[in-house]
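What follows is one structure encoded as structure tokens, with my remarks underneath.
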Amino acid sequence: VQLQASGGGSVQAGDSLRLSCASSGGTFSHMNMGWFRQTPGQQRDFVAAISWSGASTSFADSVKGRFSISRDNSLEMVYLQMDSLKPEDTAVYYCAADLGTLGWGPHLQRAYEYDYWGQGTQVTVSS
């Protein structure tokens with residue numbers, strides 16, 4: 001499985017960005033997908049996750065109400081819509097794929113549960 005994240009950039013506080021993640025090489029419709037972010041010297045933090053069907057989603061408290069996650073299984077894409085961006089959202093954002101062995105659950109907020117990772121895309125939010 002290969003994941004390619006894109007859509008990052010430099011924006012002002014209050015702006016929006018949509019990150020995209022393209023998957024190839026696996027059965028995308030069987031995978032739970034997640035977004036994480038990381039700043040220099042820090043651990044990779046959970047942002048959002050979506051179940052293989054799209055029926056279930058989960059968000060970090062810090063982004064609830066501002067970010068949304070969606071997927072298109074026909075295109076093998078997952079998206080992270082980020083609205084009302086804040087300077088503290090500045091990070092490298094990574095998409096990740098979970099092969100679904102444990103189903104859907106809170107374990108998907110843990111980075112080590114994911115099987116595949118994309119290369120990351122930088123998001124910089126200026127005040």
Side-chain angles (χ1 to χ4, degrees):
V1 176
Q2 293 187 322
L3 302 174
Q4 180 77 34
S6 62
S10 296
V11 297
Q12 297 291 316
D15 286 350
S16 298
L17 276 177
R18 188 176 83 152
L19 304 184
S20 300
C21 178
S23 177
S24 62
T27 307
F28 183 75
S29 60
H30 291 180
M31 301 177 193
N32 299 314
M33 299 297 294
W35 286 96
F36 287 75
R37 63 188 182 188
Q38 189 172 26
T39 54
Q42 301 299 313
Q43 66 181 14
R44 198 166 290 189
D45 291 331
F46 171 74
V47 176
I50 188 167
S51 63
W52 62 270
S53 67
S56 299
T57 58
S58 177
F59 296 92
D61 288 343
S62 59
V63 306
K64 280 181 182 176
R66 301 187 298 120
F67 290 13
S68 60
I69 187 171
S70 60
R71 66 189 295 159
D72 187 329
N73 285 350
S74 66
L75 296 178
E76 298 189 328
M77 297 287 295
V78 62
Y79 307 99
L80 184 68
Q81 178 66 41
M82 306 186 294
D83 298 323
S84 302
L85 282 161
K86 302 176 180 180
E88 51 264 44
D89 294 319
T90 295
V92 177
Y93 283 71
Y94 297 89
C95 61
D98 162 65
L99 296 181
T101 305
L102 298 179
W104 176 258
H107 66 281
L108 291 170
Q109 297 185 15
R110 299 189 288 266
Y112 62 80
E113 295 287 354
Y114 288 79
D115 302 289
Y116 299 96
W117 291 85
Q119 85 291 357
T121 185
Q122 176 71 47
V123 172
T124 302
V125 185
S126 302
S127 58

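All values below were derived from every heavy atom in this structure, side-chain atoms included, with hydrogens, water molecules and symmetry-related copies excluded.
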Applying a strict under-4.5 Å side-chain criterion to I, L, V, M, F, W and Y, I'd like to know whether [X] and [Y] cluster together.
X: Phe46; Y: Trp104; answer: yes
X: Met33; Y: Tyr93; answer: yes
X: Ile50; Y: Tyr114; answer: no
X: Leu17; Y: Leu80; answer: yes

### Query
Between Tyr94 and Arg44, is there a cation-pi geometry (under 6.0 Å to ring centre, at most 45° from the normal)?
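Positive - Arg44 is close enough to the ring of Tyr94 and near enough to its axis.
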### Message
On the six-membered ring of Tyr79, is Arg18 placed so that its NZ or CZ lies under 6.0 angstrom from the centre and within 45° of the ring axis?
### Response
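Output yes; distance and angle both within limits.
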### Task
Begin with the C-alpha distance, continue with both residues' side-chain angles, and end with the deciding distance and a verdict on side-chain contact (heavy atoms from CB on, under 4.5 Å) for Val47 and Phe59.
CA-CA 6 Å; Val47 176; Phe59 296 92; 5.9 Å; no
With distance as the sole test, does [X] use its side chain to make a donor-acceptor pair with the main-chain N or O of [Y] at under 3.5 Å?
X: Asn32; Y: Trp52; value: yes
X: Tyr116; Y: Asp98; value: no
X: Ser51; Y: Ser56; value: yes
X: Ser53; Y: Ala55; value: yes
X: Asp72; Y: Met77; value: no
X: Arg71; Y: Phe28; value: yes

### Message
Listing request: all disulfide (SG to SG under 2.5 Å) pairs with a residue in residues 13-127, at least two apart in sequence or in separate chains.
### Response
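Found Cys21-Cys95.
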I want to check something: taking the side chain as every heavy atom from C-beta on, are [X] and [Y] in contact at a cut-off of under 4.5 Å?
X: Leu102; Y: Glu113; result: yes
X: Ile69; Y: Trp35; result: yes
X: Gln119; Y: Leu3; result: no

### Task
Could you walk me through whether Gln81 and Ser16 pass side-chain contact (heavy atoms from CB on, under 4.5 Å), step by step?
CA-CA 7 Å; Gln81 178 66 41; Ser16 298; 3.9 Å; yes
Looking at [atom1] of [X] and [atom2] of [Y], how far apart are the two atoms once the value is rounded to the nearest 0.5 Å?
X: Asp115; Y: Thr101; atom1: CG; atom2: OG1; answer: 6.0 Å
X: Gln122; Y: Thr90; atom1: CD; atom2: OG1; answer: 7.0 Å
X: Gln2; Y: Ser24; atom1: CD; atom2: OG; answer: 5.0 Å
X: Leu85; Y: Thr124; atom1: CG; atom2: OG1; answer: 10.5 Å
X: Gln4; Y: Ser23; atom1: CD; atom2: OG; answer: 11.0 Å

### Query
Does a salt bridge link Asp89 with Lys86, judged by any charged N lying under 4.0 Å from a carboxylate O?
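No, no charged N to carboxylate O under 4.0 Å.
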### Message
I'd like to know whether Thr121 forms a side-chain contact (heavy atoms from CB on, under 4.5 Å) with Ser6, so could you lay out the CA-CA distance, the side-chain angles of the two residues, the decisive distance to 0.1 Å, and finally the verdict.
### Response
CA-CA 6 Å; Thr121 185; Ser6 62; 5.5 Å; no
### Query
Any side-chain donor paired with an acceptor under 3.5 Å for Ser58 and Gln109?
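Indeed, the side chains of Ser58 and Gln109 share at least one donor-acceptor pair under 3.5 Å.
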Which pair of non-hydrogen atoms, one from [X] and one from [Y], has the smallest distance, and what is that distance?
X: Val78; Y: Ser70; result: CG2-O, 3.2 Å
X: Ala97; Y: Met31; result: CB-SD, 3.8 Å
X: Arg37; Y: Ser62; result: NH2-OG, 3.4 Å

### Message
side-chain contact (heavy atoms from CB on, under 4.5 Å) for Val123 and Leu19? Distances and angles first, verdict last.
### Response
CA-CA 9 Å; Val123 172; Leu19 304 184; 4.0 Å; yes
### Message
Looking only at the aromatic ring of each residue, does the gap between the centers of Trp117 and Phe36 stay below 6.0 angstrom?
### Response
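Phe36 vs Trp117: aromatic centres under 6.0 Å.
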